[in-house]
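Accompanying notes for the structure given below.
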Protein chains: 2
Amino acid sequence: MSKLLLIDDDVELANMLKEFLTQEGFTVTTAHDGLTGEQYVLAGKFDLVILDVMMPGQDGMQTLRNIRQHSDIPVLMLTAKDDNEGRIEGLEDGADDYVQKPCLPRELVARIRAILRRQTADMPKGNDIVVGQLVVSSERRKVFWADKPIVFTSTEFSLIEILAKHAGTIVSKEDLSIKALGRPLVKYDRSIDVHLSSIRQKISDASGGVNVIQTIYRVGYQLVRE
Amino acid sequence: MSKLLLIDDDVELANMLKEFLTQEGFTVTTAHDGLTGEQYVLAGKFDLVILDVMMPGQDGMQTLRNIRQHSDIPVLMLTAKDDNEGRIEGLEDGADDYVQKPCLPRELVARIRAILRRQTADMPKGNDIVVGQLVVSSERRKVFWADKPIVFTSTEFSLIEILAKHAGTIVSKEDLSIKALGRPLVKYDRSIDVHLSSIRQKISDASGGVNVIQTIYRVGYQLVRE
DNA sequence: GTATACTTTAATCAAGATTTACATTTAAAC
DNA sequence: GTTTAAATGTAAATCTTGATTAAAGTATAC
């Protein structure tokens, strides 16, 4: 069954949830602060993380960002009532869903199952993302155009990987910066533009002039399905 | 059950703890100074070390560093109240957790179990880590490429072991330094680079030109499954 | 002590990321 | 339509990080 990591400073609540989730057939590990949680994510092979937003020390948002530096694991956030700002912030930083605290365990389970289902549906074979002729292998960090390898640098790969994951939808430049470069976009920062330029060049060379990355002025970029 | 090594100069306290931990199902060996403790670590097959920071002669920090030269065994440190500096220093030097003295035996047991659980999550099957043609035997501290042994130094082994444990995911250079060398990465520190260079050379020689260690620029390294 | 194996530092080169600079495009205001 | 300010594309310069080799420092065994 699926392995969950529960990060919450409230030990009592965590144990209660753990008990309930275990009964539902999940394997649950708990961590009671953000830093420990992060280490667990890197070490253990979990399928999903449940992360409390409000924690002393390193809070949930920061933990989420740190986790996203290294891992694409689905994250479900536990948030205080009506914290819509945090909700939006978290979704931008890569959270997969939200549940309000205090929560009905049953709802929590339903959302966990929904995310896990979505996850496995998203990625059919291995970890390869296929968009038309373009194949992005997250596992090997390699990219192909119709089986022909394209050599990308590390940052270029991160960018095309993000675009490929969200193929068909628009990703903001801000998002690209945070997720691929690990820092927010500042004024006059042209890094993303330059990297995208190189990526387009390389894909164009490999494909014979195809441009799969579309610019949406003042909104972002999207990888188009041919 | 798990075998613990308790290193503490306070004979009376040590015996008390030993008794309690034994009742909890652990097998406990005691040492009353750092040097003796170190020898025990190297000699015996322990699962975890409980180490007092304040000891006459060689103190706990030094003992920890010495242990980390040769072993990745989990270490839980016993520290004086509010010694946050030492706490940070110790974590940087590779301690797995902290407990304040005087401590509730029950909390100690909980933390021991937490560390051991985390540890076993790291190593799911047997003790040999197999990644493609590469076999890393933690027990014997030996490495093979398709049954052909490769001779690694102690540090090289620690590095490839860590990478193998996290095969398929990225490990930061900072993490490698802390876990393999037992110290944080400082500016202009090229040690990890040099060791990785040697490791690559040896694996390449043994395999006939294969490079299994991938660099992710400014992020870290990962062992790829071929 | 001396020899040996190992680790770290130093130095150099190569690869990658970011900034700069300028051309071009876009959308809105007039 | 024309103008304008902001946003984007891209080439080149600059800065940062990684790879590799050799040399210097450390520890260990004999």
(message) Strictly below 4.0 Å: does B:Arg183 bring a side-chain N or O up to OP1 or OP2 of C:dT8?
(response) yes

(message) For B:Val151 and B:Val194, find the nucleotide of DNA chain C closest to each by heavy atoms; which residue's nucleotide sits nearer the 5' end?
(response) B:Val151

(message) For B:Ile216 and B:Ser198, find the nucleotide of DNA chain D closest to each by heavy atoms; which residue's nucleotide sits nearer the 5' end?
(response) B:Ile216

(request) Mind calculating the distance between NZ (A:Lys173) and P (D:dG9) to the nearest angstrom? (result) 7 Å

(request) Rounded off to whole Å, could you give me the NZ-to-C1' distance for the B:Lys202 and D:dT21 pair? (result) 16 Å

(request) Return the minimal non-hydrogen interatomic distance between A:Ile162 and A:Lys179, and the atom names on each side. (result) CD1-CB, 3.5 Å

(message) What's B:Tyr221 touching, base or sugar-phosphate or nothing? Going by heavy atoms closer than 4.0 Å.
(response) sugar-phosphate

(request) Inspect the contact between A:Lys173 and A:Asp189 and indicate whether a charged nitrogen and a carboxylate oxygen are less than 4.0 angstrom apart. (result) no

(request) Please report, rounded to the nearest Å, how far the C1' atom of C:dT20 is from the NZ atom of A:Lys187. (result) 17 Å

(message) Using modelled atom types and a 3.5 Å cut-off, is there a donor and acceptor pairing between side-chain atoms of B:Lys148 and backbone atoms of B:Ala206?
(response) yes

(request) Would you please confirm or rule out a distance under 4.0 Å between OP1 or OP2 of C:dT8 and any side-chain N or O of B:His195? (result) yes

(message) If you compare every side-chain N and O of B:Thr153 against the phosphate oxygens of C:dC6 (OP1, OP2), does one of them come in below 4.0 Å?
(response) no

(message) For B:Leu48 and B:Ile50: C-alpha separation, side-chain torsions, deciding distance, then whether side chain to side chain contact (heavy atoms under 4.5 Å, CB included) applies.
(response) CA-CA 7 Å; B:Leu48 182 142; B:Ile50 303 162; 3.7 Å; yes

(request) Write down the distance between CD (B:Gln214) and P (C:dA15), rounded to a whole number of angstrom. (result) 16 Å

(message) Looking at the base of D:dA19, is there any donor atom on it, or on the side chain of B:Arg190, that sits under 3.5 Å from an acceptor on the other one?
(response) yes

(message) In whole Å, I'd like the distance from the CG atom of A:Asp193 to the P atom of C:dC22.
(response) 18 Å

(request) Quickly work out the A:Leu185 CG to C:dT19 C1' distance and round it to whole Å. (result) 14 Å

(request) May I ask you to verify if any side-chain N or O of B:Arg200 is less than 4.0 angstrom from the OP1 or OP2 atom of D:dA19? (result) yes

(request) Please state whether the phosphate of D:dT8, meaning OP1 or OP2, lies under 4.0 angstrom from any side-chain nitrogen or oxygen of A:Thr215. (result) no

(request) Spell out, as yes or no, whether a donor-acceptor pair under 3.5 Å connects the side chain of B:Asp52 to the backbone of B:Ile7. (result) no

(message) Rounded to whole Å, how long is the line connecting atom CZ of B:Phe152 with atom P of C:dA5?
(response) 18 Å

(request) Measure distances between side-chain N and O atoms of A:Tyr217 and base N and O atoms of D:dA6, and say whether any donor-acceptor pair falls under 3.5 Å. (result) yes

(request) Would you kindly give the CZ-to-C1' distance between B:Phe157 and C:dC6, to the nearest whole Å? (result) 17 Å

(message) Less than 4.0 angstrom between a side-chain N/O of B:Ser197 and OP1 or OP2 of D:dT20, yes or no?
(response) yes

(message) Any side-chain N or O of B:Ser191 below 4.0 angstrom from OP1/OP2 of C:dT7?
(response) no

